[in-house]
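Worksheet for the structure shown next.
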Amino acid sequence: MTADAVPSVSVRRTRVVVVGAGPAGLTLANVLRAASVDCLVLETESRRFVEQRPRAGFLEEWAVRALEERGLADRLLEHAGVHTECEFRVAGERHRFPYTEVSGQRHYVYPQPVLVTDLVREYADVRGGEIRFGVRDVDAEGIDTDRPSVTYTDPSTGGRVRVACDFVAGCDGARGVSQGWMPAAHTTVARHDFGVGWLALLAEAPPSSDCVVFGIHQRGFAGHMARSPQVTRYYLECPPDDDPGNWPDGRVWSELRTRLSADGARPLTEGPLIEKRVLNMHNYVVEPMSYGRLHLAGDAAHLLAPIGAKGMNLAIHDALLLADALVAHAGKGDGSGLAGYSEACLRRVWQYQEFSQWLAEVYHGTSSGDPFRAGVALARLRRTLASPAAAAGFAELFLGKDTDF
């Protein structure tokens, strides 16, 4: 390549570069914008893509109230469904668990793409924040110095842009690049593989229950979760790395009917299956979540399989802690929040990881083929349903209440 052919690099500056426009990145960006802390959001996908990709749909009440306090929950509170109970189906019997009665907390049903749409609109359209969609080749330099920068390829010009900044927030998920910026010598990645897969399904069909349903069955776990009045999320336990092509619609509905059957239960409302993908059930935690001027948040820092519906909630928790720490640093020169950010996040991360592992045994023990695991799983469930003390502990963790210990 001749010297004349080398693409030029334009240079600009902002206070914080946020990599990733998911719940973590957009929550963070909105709080920074409201506090007049300059930031730039970089996202490799298009706006249309991030506002439509199917993801989680349950928010814990503490997360909703935290978003409400920041002026980020108006549409959520207007349109979200509210759940106060869940139901376990075991050996043909239905067992309701009234977690709101036990804990005073509720779940809000609000699909992640809808929340992302709200947060993009608030940040970019209402508050005038800048998001660059469709960027490529995002990289960071100098994160271990006081002069970090992020470079990317501008999709409209093809040119490279270097953004000098004070801090970088890696919020680009499990498949993003920011986790790779953490030096291996500084970082531990703790992993756990559950040894099962879940076939994730979206059905264009109204929910068949007024609450979340967990089917505990010898053929494998099955889950039913409302996403909207017209769309239902289903899960079916399957072998890890299974091919969705092995699951034609007829087989899917047959297995769902079998695994979710129970006396007195409404028949499943069937409809077109608009999504089929296999999720390998595994978790990980990156520790610490910070290095130099780089701070990870959400799935970039920790992954939770959808066993306990925790991922989006944990991303919001990280984002709010990081936002408050960055605002305090920018406004008062107070760096204590940033210094303690990783430790503060990881307390809740590990509580959610422990709950996920506990609940996974309840879901999968019966289908494991191991009589001991099956017996332990049913004992856990019986105790949760029968003991007020055990019920209170389960509800506290299920709703994410008071888990920062």
Side-chain angles (χ1 to χ4, degrees), residues 14-43 45 47-48 50-53 55-83 105-133 167 169-173 227-228 295 297-301 309-328 330-331 337 341 344-345 348 399-401 404:
T14 191
R15 183 68 65 89
V16 181
V17 174
V18 179
V19 183
L26 291 168
T27 299
L28 170 62
N30 269 289
V31 177
L32 294 178
R33 184 72 178 169
S36 299
V37 177
D38 290 339
C39 64
L40 169 67
V41 180
L42 301 178
E43 170 57 53
E45 303 290 352
R47 177 169 180 171
R48 178 181 176 85
V50 301
E51 292 181 347
Q52 291 187 351
R53 58 185 163 190
R55 286 294 185 270
F58 281 87
L59 285 166
E60 295 163 353
E61 185 157 358
W62 69 264
V64 173
R65 297 308 169 199
L67 292 172
E68 183 182 19
E69 290 174 5
R70 311 301 180 112
L72 300 174
D74 291 350
R75 285 176 53 82
L76 189 163
L77 291 170
E78 182 179 353
H79 297 289
V82 175
H83 282 194
Q105 300 286 300
R106 301 171 289 178
H107 267 135
Y108 287 77
V109 183
Y110 203 63
Q112 179 173 313
V114 182
L115 178 64
V116 165
T117 298
D118 294 347
L119 294 174
V120 170
R121 181 183 297 115
E122 183 66 24
Y123 175 72
D125 303 336
V126 176
R127 300 182 180 182
E130 185 178 4
I131 306 180
R132 299 293 295 166
F133 289 103
F167 297 97
C171 307
D172 51 345
R227 281 294 177 266
S228 75
H295 301 279
D299 285 1
K310 296 292 189 183
M312 179 163 57
N313 296 281
L314 205 51
I316 291 170
H317 182 259
D318 292 350
L320 294 173
L321 286 183
L322 183 54
D324 287 344
L326 288 168
V327 169
Y341 166 72
C345 288
R348 181 170 291 237
L399 276 298
K401 181 182 179 183
D404 291 342

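What's counted below: heavy atoms across the whole structure, side chains too, no hydrogens, waters or symmetry copies. The structure presented is a predicted model; accordingly, all values stated were derived computationally and were not measured.
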Closest non-hydrogen contact found for Y108 with V82 is CE2-CG2, 3.8 Å

What is the minimum heavy-atom distance between D172 and A300, and which atoms define it? OD1-CB, 3.9 Å

dist E122:CD -> L72:CG (nearest 0.5 Å) comes out at 6.0 Å

side-chain contact (heavy atoms from CB on, under 4.5 Å) evaluation trace for L115 with M312: CA-CA 10 Å; L115 178 64; M312 179 163 57; 3.9 Å; yes

Heavy-atom distance under 4.5 Å between the side chains of L320 and R70, does that happen here? yes

How long is the span from the CG atom in L67 to the CG atom in L77, to the nearest 0.5 Å? 9.0 Å

Quick one: are L326 and V16 in side-chain contact, heavy atoms under 4.5 Å? yes

Spacing of CG belonging to L321 relative to OH belonging to Y341, to within rounding of 0.5 Å: 7.0 Å

Are L26 and V50 close enough, and set up right, to give a side-chain contact (heavy atoms from CB on, under 4.5 Å), and what steps lead you there? CA-CA 11 Å; L26 291 168; V50 301; 5.9 Å; no

Side-chain (R227) to main-chain (P111) donor-acceptor, under 3.5 angstrom: no

For the backbone of G337 and the side chain of D324, can you confirm whether one donor and one acceptor N or O come within less than 3.5 Å of each other? no

Which heavy-atom pair separates G20 from V41 by the least distance, and what is that distance? O-CG1, 3.9 Å

Is the backbone of C39 close enough, under 3.5 Å, to the side chain of R33 for a donor and an acceptor to pair up by distance? no

All heavy atoms of G400 vs all of E60, minimum pair found to be CA-OE1, 3.6 Å

Over all heavy atoms of both residues, which pair between L399 and R106 is shortest? Give the atoms and the distance, please. CD1-O, 3.3 Å

Checking Y110 now: which residues fulfil side-chain hydrogen bond (donor to acceptor under 3.5 Å, both in side chains) with it, not counting sequence neighbours? D118

So CG of L40 and CG of L32: to nearest 0.5 Å the spacing works out to 12.0 Å

Taking atom CD1 of I131 and atom CZ of R47, what is their separation to the nearest 0.5 Å? 7.0 Å

When every non-hydrogen atom of A344 is compared with those of H317, the smallest separation belongs to O-CE1, 4.3 Å

Output yes when a side-chain donor or acceptor of D38 lies under 3.5 Å from a complementary backbone atom of T14, and no otherwise. no

When rounded to the nearest 0.5 angstrom, what is the spacing between CZ in R65 and CD in Q105? 9.0 Å

Just say parallel, tilted or perpendicular for the rings of H107 and F58, cut-offs at 30° and 60°. perpendicular

